[in-house]
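Written out below as structure tokens is the structure these notes cover.
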Amino acid sequence: QVQLVESGGGLVQAGGSLRLSCAASGRTFRRYVLGWCRQAPGKEREFVAAVTWSGIMTRYADSVKGRFTISRDNAKNTVYLQMNSLKPEDTAVYYCVADSAVVTSTSWDYWGQGTQVTVSS
């Protein structure tokens with residue numbers, strides 16, 4: 001089992017920035033792909049970003065390309081999501097996710113509890 005704990009969510013004005021963090025624990029014998037999904041009020045969960053073990057391969061949803069950056073620090077077992085130029089439509093619960101391969105749907109094997117991001121206009 002892998003446990004994922006997000007932090008860093010909060011309230012921010014449109015155009016502002018936040019950085020989310022996710023600490024992973026549990027299994028240490030797998031080089032998991034880590035990522036982020038989100039769920040806005042009244043909507044289904046959607047993929048946001050993913051990064052491989054090496055950190056050299058990343059994937060982003062079209063809606064966040066150029067604004068969000070995913071990164072990881074394997075020594076700290078932590079993945080980050082730097083969110084810049086935030087828009088009200090970015091308001092959602094953000095979930096840290098993990099799997100053995102890149103997943104761009106919401107079918108990740110492991111999920112965190114979520115952290116709320118609210119962007120005001």
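Remember, it's a predicted structure, so these values are computed and weren't measured experimentally. All values below come from the heavy atoms of this structure, side chains included, with hydrogens, waters and symmetry mates left out.
- Within the model, atoms OG of S121 and CD of Q13 stand 8.0 Å from one another, a figure rounded to the nearest 0.5 Å.
- R72 places none of its side-chain heavy atoms less than 4.5 Å from the side chain of I70.
- You'll find the side chain of W108 reaches within 4.5 Å of the side chain of F47, heavy atoms only.
- Residue-environment remark: CZ (R59) stays at or below the threshold of 12 foreign heavy atoms within 6.0 Å.
- Using a 4.0 Å cut-off between charged nitrogen and carboxylate oxygen, D62 and K65 count as a salt-bridge pair.
- Here the CD-OG distance, from Q82 to S17, works out to 5.5 Å after rounding to the nearest 0.5 Å.
- In this structure, D109 contributes its side chain and D99 its backbone to no donor-acceptor pair below 3.5 Å.
- Side chain to side chain, Q116 and T118 meet the donor-acceptor criterion of an N or O pair below 3.5 Å.
- For CD of E44, the number of neighbouring non-hydrogen atoms (other residues, nucleotides, ligands) closer than 6.0 Å is 12 at most.
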* Is there a ring pair (Phe, Tyr, Trp, His ring centres under 6.0 Å) between Y95 and W111 once you walk through the steps? -> CA-CA 7 Å; Y95 297 89; W111 292 72; 5.8 Å; yes

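- Using a 4.5 Å cut-off on side-chain heavy atoms (C-beta onward), Y32 and V2 make contact.
- Side-chain contact annotation: E46 with Q39, donor-acceptor N/O pair under 3.5 Å absent.
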* To do: Output, in order, the C-alpha distance, side-chain angles, deciding distance and verdict of side chain to side chain contact (heavy atoms under 4.5 Å, CB included) for V51 and V33.
  => CA-CA 6 Å; V51 60; V33 176; over 6 Å; no

* To do: Take V93 and T115 through the side chain to side chain contact (heavy atoms under 4.5 Å, CB included) test and state the conclusion after the steps.
  => CA-CA 5 Å; V93 176; T115 185; over 6 Å; no

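- The shortest distance between side-chain heavy atoms of S120 and V12 does not fall below 4.5 Å.
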* Applying side chain to side chain contact (heavy atoms under 4.5 Å, CB included), run through L81 and Y94 and close with a yes or a no. => CA-CA 10 Å; L81 186 68; Y94 284 71; 4.1 Å; yes

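- Among all heavy-atom pairs drawn from F68 and V48, the shortest one is CD2-CG1, 3.9 Å.
- Minimum heavy-atom separation, A98 to L34: CB-CD2, 3.6 Å.
- A donor-acceptor pair under 3.5 Å links the side-chain atoms of R67 to the main chain of S85, judged by distance alone.
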* **Worked verdict on V64 versus R38 for side chain to side chain contact (heavy atoms under 4.5 Å, CB included)** => CA-CA 12 Å; V64 306; R38 67 186 181 185; 4.0 Å; yes

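- Here CG of L20 is found 8.0 Å from OG of S7. Values are rounded to the nearest 0.5 Å.
- Interatomic distance, SG of C22 versus CD of E6, reported as 5.0 Å (0.5 Å rounding).
- The hydrophobic cluster containing V117 does not contain Y80, counting ILVMFWY residues as joined when their side-chain heavy atoms lie under 4.5 angstrom apart, directly or transitively.
- What you find for S105 and C37 is that their closest heavy atoms are O-SG, 4.0 Å.
- There is a path of hydrophobic side-chain contacts, each under 4.5 Å, that joins L18 to W36.
- In the model, D73 has no side-chain atom that pairs as donor or acceptor with a side-chain atom of T78 under 3.5 Å.
- Between C96 and V79, the shortest heavy-atom contact is SG-CG1, 3.7 Å.
- In this structure the side chain of Q113 reaches within 4.5 angstrom of the side chain of V5, judged on heavy atoms.
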